[in-house]
Amino acid sequence: MADADIKLDEAAPRDFPALRALIAARVPTLPRRLAQVATYALDHPDEIAFGTAASVAQDSGVQPSTLVRFSQALGYQGFTDLQDVFRARLRDRVPSYEERLKQLREHGGASTSGLLLQGFADAAERSVADLRVKLDPAVLDRAVDILAGADTIYLVGLRRSFPITSYMAYAMGKLNVRSVLVDGVAGLGAEQINFISPRDAVLAISFTPYASETVSLAHAARARQAKLVSITDSIFSPIASIADAWLEIVEADFEGFRSMAATMALAMTLTVAVAGRRGEK
């Protein structure tokens, strides 16, 4: 079938299960290059959601223009329109802890400590390996420069991210780097950053589903003209677009439980690098 024969006017699914079913049904009838993209999309939905047109095209072995044609073949206006459905899947897919335990039991791993360790260790290894490949050293250096140049570093990471900022506050204290751990105890997060100034910087950490207080505090800090470094999982994160430098981490998971290994490795890197940079000055 020639590309010109593809229908561009059919209704495009707005939920991921319907889109996945449509792609699976269309694969046998698509031209070779479009079928190649379809197969990649079914096998790597997270990469479609988080990647750029250039990165997805490279990983799937096609030209960026092929992604546009593939999207239009499914009824979308373009690749970005198609991506929105993949991103919605990530927002909607976070299971409850009860569901995660149920999934573990169904796979026979909930009561077997050895299997749990193997699963979590594998997820940690994948996360760290992905961090090594994807993290831009230039962005990391910029983040270190911002934090090292601040009078005070405010560490903001609530809920799942709190163990990371807690560690950083401990380590920065040992390394004589002035920091404030914003823990939000008694709902006093806003008061804890009340004295932040343009001479200070905030390190904000949040992942899907984003902690609303972390997002609010990051915006409040920006309103006071403080510098902002964000660690998050997507350019579409609410703390990515407002950051002076943002570092991307997508942690692997085991049965719905996400690793924190890559985030902790990055936190340790930032902490020691900031202390070293300040020592040089």
Closest non-hydrogen atom pair between A245 and I146, with its separation:
CB-CD1, 4.0 Å
Heavy-atom closest contact (I153 atom, L147 atom, distance)
CD1-O, 3.5 Å
I'd like to know whether T263 forms a side chain to side chain contact (heavy atoms under 4.5 Å, CB included) with F207, so could you lay out the CA-CA distance, the side-chain angles of the two residues, the decisive distance to 0.1 Å, and finally the verdict.
CA-CA 10 Å; T263 310; F207 304 98; 3.6 Å; yes
Between F162 and V182, is there a shared hydrophobic cluster once you connect ILVMFWY residues whose side-chain heavy atoms come closer than 4.5 Å?
no
Apply side chain to side chain contact (heavy atoms under 4.5 Å, CB included) to F79 and V56, showing your working.
CA-CA 10 Å; F79 181 62; V56 172; 4.1 Å; yes
Is Y154 reachable from V215 through a run of I, L, V, M, F, W or Y residues, each pair having side-chain heavy atoms under 4.5 Å apart?
no
Do any N or O atoms from the side chain of T66 and from the backbone of V62 form a donor-acceptor pair under 3.5 angstrom?
no
Heavy-atom side-chain proximity of R160 to E251 below 4.5 angstrom:
yes
Side chain of T214, backbone of L158: donor and acceptor closer than 3.5 Å?
yes
Counting only N and O atoms by type, is there a donor-acceptor contact under 3.5 Å from the side chain of T208 to the main-chain atoms of Y210?
no
May I ask whether V68 and L74 are part of the same hydrophobic cluster, defined by side-chain heavy atoms of I, L, V, M, F, W, Y residues being less than 4.5 angstrom apart, directly or through others?
no
Is there a side-chain contact between L140 and L266, using heavy atoms and a 4.5 Å cut-off?
yes
Could you report the tightest heavy-atom contact between L30 and A38, atom names first, then the distance?
CD1-CB, 4.0 Å
Measuring from L203:CG to L228:CG, what's the distance to the nearest 0.5 Å?
8.0 Å
Ignoring hydrogens and geometry, is there a side-chain-to-backbone donor-acceptor pair from S259 to D253 under 3.5 Å?
no
Measuring from M172:CE to T165:OG1, what's the distance to the nearest 0.5 Å?
10.5 Å
Which pair of heavy atoms, one from S60 and one from Y40, lies closest together, and at what distance?
CB-CG, 3.6 Å
Judged by atom type as modelled, is there a donor-acceptor pair below 3.5 Å linking the side chain of D233 to the main-chain atoms of E248?
no
Shortest non-hydrogen pair, A73 vs L34, comes out as CB-CD1, 4.3 Å
Please identify each residue that fulfils salt bridge (Lys or Arg N to Asp or Glu O under 4.0 Å) with R33, with sequence neighbours left out.
none
Do L175 and M168 sit in the same hydrophobic cluster, where Ile, Leu, Val, Met, Phe, Trp and Tyr count as joined when their side-chain heavy atoms come under 4.5 Å apart?
yes
Same apolar cluster: I164 and V128, side chain cutoff 4.5 Å
no
Write down the atom of A211, the atom of S206, and the distance for their closest heavy-atom approach.
N-OG, 3.1 Å
Quick one: do L181 and S166 satisfy side chain to side chain contact (heavy atoms under 4.5 Å, CB included)? Show the steps, please.
CA-CA 7 Å; L181 175 63; S166 299; 4.1 Å; yes
Indicate yes or no for a side-chain donor-acceptor contact from S237 to the backbone of I239 under 3.5 Å, with no hydrogens or angles considered.
yes
What verdict does the side chain to side chain contact (heavy atoms under 4.5 Å, CB included) test give for D244 and R222, after you've listed the backbone C-alpha separation in whole Å, the side-chain angles of each residue and the deciding distance to 0.1 Å?
CA-CA 10 Å; D244 296 286; R222 289 299 284 158; 3.0 Å; yes
Has the side chain of Q36 got a donor or acceptor atom that lies under 3.5 Å from a matching backbone atom of G61?
yes
Quick one: side chains of residues 11-24, donor-acceptor pairs under 3.5 Å with protein atoms, not counting sequence neighbours, listed by atom name and distance.
residue, atom, partner, partner atom, Å
R14, NH1, D81, OD1, 3.4
R14, NH2, D81, OD1, 3.0
D15, OD2, A18, N, 3.1

Among all residues two or more places apart in sequence or in another chain, which pass the side chain to side chain donor-acceptor pair (under 3.5 Å) test with D122?
none
What distance do L135 atom CG and I249 atom CD1 have between them, rounded to the nearest 0.5 Å?
7.5 Å
Quick check for you: to the nearest 0.5 Å, what is the distance between L247 atom CG and T232 atom OG1?
10.5 Å
CZ of F70 to CD of Q72: how many Å apart, nearest 0.5 Å?
12.0 Å
Does the side chain of H44 come within less than 4.5 Å of D59's, by heavy atoms?
no
Can you check whether V202 reaches I196 side chain to side chain, under 4.5 Å on heavy atoms?
yes
Does a sphere of radius 6.0 Å around CD in E191 hold more than 12 heavy atoms from other residues, nucleotides or ligands, not counting ones at 6.0 Å or beyond?
yes
Under-4.0 Å salt bridge between D84 and R87
yes
I'd like to know whether CZ of R224 has more than 12 heavy-atom contacts from other residues, nucleotides or ligands below 6.0 angstrom.
yes
Pairwise distance OG(S161) to CD1(I231) - rounded to 0.5 angstrom
8.5 Å
For the residue pair R278 and V144, establish whether any side-chain heavy-atom pair is separated by less than 4.5 Å.
no
Would you sort out whether D130 and S127 count as a side-chain hydrogen bond (donor to acceptor under 3.5 Å, both in side chains), showing the intermediate values?
CA-CA 5 Å; D130 188 66; S127 295; over 6 Å; no
